[in-house]
Amino acid sequence: MRNTTSKGILERLQEGIVQGAEGYVFELERRGYIKAGPYVPEVVHREKLKDVGRENDLERMNRQAVQLANEVAREGDALVAGNICNTWAYDPNNAMETSRVVRAMYEEQLTWAVEEGIDFVISETNDYLGEAMIALEVIKQLGLPAMVTLASVQPHTTRDGYDYVEACQRLADAGADIVGLNCDRGPETMLPLIEKIRSTVSCYVAAQPVPFKTDALHLTFESLRTSDGQQAFPLALEPFLYNRFEMAEFARRARSIGVNYIGICCGGAPHYVRAMAEALGKTVPASKYSPAMELHPMLGAHVEDKDQRFIADWKSQ
Ligand SMILES: [Zn+2]
């Protein structure tokens with residue numbers, strides 16, 4: 001366990017909203033550190049690491065990821081979650097055999113994470129309730145608080161056919177401390193589902209949408225199309241991005257319907273997380289560099305009258 005004197009996830013949730021910050025894979029790809037396509041394997045899956053010739057680096061990468069996260073978390077009294085996710089190995093039609101494979105992967109990853117020090121575990125982007133249940137069992141065996149969130153690629157059900165709301169209820173009944181949804185949907189199409197989950201389960205609820213403009217015709221960011229009809233996911237999504245004010249508004253809406261853990265998934269970036277935190281009344285280390293537009297030489301309030309004409313011209317261009 002992490003040697004921390006700060007409060008754990010459950011104590012923090014009891015006191016108020018906890019904020020999550022995910023989506024680092026998109027950010028790493030944008031910065032040129034990882035390859036789009038194989039994606040997540042850079043830190044997680046042995047099988048998929050083979051695709052990029054790094055299967056022998058699995059343990060070292062997992063341990064180092066937790067070490068780095070702990071280093072950063074200490075700067076701002078943040079918690080570190082061990083993370084497990086959909087493995088692509090689970091098959092409900094061959095559940096007995098594939099469950100063993102999935103369980104072994106989760107046990108291996110979380111054993112390393114626990115040894116390096118984590119505060120709780122997030123099992124996320126679960127396509128199958130069956131796979132999420134395996135994750136939950138492994139987390140509970142380790143005696144850690146469990147947050148389990150589902151992907152919501154399909155309109156109403158998980159890939160093994162459970163209504164999202166019912167699936168969350170089953171996870172809660174099985175002992176998950178926090179349930180909800182992450183990834184795939186932007187705030188507009190995630191919040192209606194989250195509202196139903198909130199009114200059904202009595203445990204804590206999490207919402208971690210992607211910061212993209214999904215709508216009634218495009219429930220997920222995978223279904224968004226560019227102006228010439230091409231699939232925008234995952235490399236041409238920029239025209240659909242929310243701005244920081246819109247993500248801040250999402251955070252306020254989530255709070256108003258009773259969401260306890262409010263975060264962001266693929267496409268997330270630090271400026272969103274800061275804007276969301278501040279919308280929730282928090283001051284975070286990054287608030288040091290929050291915008292101060294009144295100091296801007298052209299847009300600010302302290303410009304002399306003679307400059308105003310120039311600014312008016314500039315703005316109207
Ligand atoms: Zn995501």
Side-chain angles (χ1 to χ4, degrees), residues 2-28 30-31 33 43 65-83 113 116-122 124 145 147 149 177-178 180-183 186-187 190-191 194 204-212 241-296 299-300:
R2 189 162 160 240
N3 181 22
T4 175
T5 53
S6 66
K7 289 176 186 160
I9 181 80
L10 300 178
E11 291 163 277
R12 292 181 193 216
L13 283 165
Q14 200 159 14
E15 288 176 4
I17 289 167
V18 172
Q19 196 183 352
E22 298 192 9
Y24 70 97
V25 173
F26 272 39
E27 183 64 19
L28 291 180
R30 286 190 291 232
R31 293 185 189 192
Y33 295 141
V43 237
V66 181
Q67 288 162 10
L68 287 170
N70 270 312
E71 211 175 288
V72 176
R74 276 192 288 273
E75 292 174 13
D77 192 32
L79 298 176
V80 172
N83 185 291
E116 297 303 328
I118 52 173
D119 298 292
F120 69 112
V121 179
I122 300 176
E124 43 98 4
M147 171 165 148
T149 55
D177 300 286
I178 309 153
L181 304 174
N182 79 284
C183 213
M190 180 179 281
L191 280 175
I194 287 288
Y204 296 118
V205 169
Q208 302 212 86
V210 296
F212 297 102
L241 271 173
Y242 268 47
N243 64 40
R244 65 186 73 192
F245 307 106
E246 292 164 329
M247 284 310 290
E249 182 54 24
F250 153 71
R252 282 188 286 264
R253 284 173 65 194
R255 175 176 60 189
S256 75
I257 64 171
V259 179
N260 311 92
Y261 188 105
I262 299 174
I264 189 166
C265 206
C266 300
H271 69 300
Y272 288 128
V273 177
R274 179 180 61 198
M276 291 162 68
E278 291 175 353
L280 296 171
K282 299 171 192 278
T283 300
V284 290
S287 296
K288 180 181 175 188
Y289 294 116
S290 290
M293 294 311 294
E294 68 278 11
L295 301 179
H296 190 281
L299 304 175

Name the orientation class of the two ring planes belonging to Tyr261 and Phe120 (parallel below 30°, tilted from 30 to 60°, perpendicular beyond 60°). perpendicular
Between Glu116 and Asn70, does a side-chain hydrogen bond (donor to acceptor under 3.5 Å, both in side chains) hold up when you go through it step by step? CA-CA 9 Å; Glu116 297 303 328; Asn70 270 312; over 6 Å; no
Thinking salt bridges, do Glu27 and Arg30 make one under a 4.0 Å N-O criterion? yes
Measure across [X] and [Y] and return the closest heavy-atom pair with its distance rounded to 0.1 Å.
X      : Y      : value
Ala279 : Arg255 : O-NH2, 3.8 Å
Ala81  : Ile118 : C-CG2, 4.2 Å
Phe250 : Gly263 : CE2-O, 3.6 Å
Leu280 : Ala251 : CD2-O, 3.6 Å
Cys265 : Asn182 : SG-ND2, 3.5 Å
Asp119 : Pro145 : O-CD, 3.7 Å

My understanding is that only residues two or more places apart in sequence, or in another chain, count here; which of them pass side chain to side chain donor-acceptor pair (under 3.5 Å) with Arg253? Glu188
Roughly how far apart are [X] [atom1] and [Y] [atom2], rounded to 0.5 Å?
X      : Y      : atom1 : atom2 : result
Ile257 : Ile194 : CD1   : CD1   : 6.5 Å
Ile178 : Asn260 : CD1   : CG    : 8.0 Å
Gln208 : Glu124 : CD    : CD    : 8.0 Å
Gln19  : Ile264 : CD    : CD1   : 9.0 Å
Leu28  : Arg31  : CG    : CZ    : 7.5 Å
Glu278 : Ser287 : CD    : OG    : 3.5 Å

Determine yes or no for a side-chain-to-main-chain donor-acceptor pair under 3.5 angstrom, with [X] supplying the side chain and [Y] the backbone.
X      : Y      : result
Asp177 : Met147 : no
Arg274 : Val284 : no
Tyr272 : Tyr242 : yes

Answer yes or no: is there a side-chain heavy-atom contact under 4.5 Å between [X] and [Y]?
X      : Y      : result
Pro285 : Glu75  : no
His271 : Tyr289 : no
Pro187 : Glu249 : no

Please lay out, stage by stage, how Cys183 and Glu22 fare under the test side chain to side chain contact (heavy atoms under 4.5 Å, CB included). CA-CA 9 Å; Cys183 213; Glu22 298 192 9; over 6 Å; no
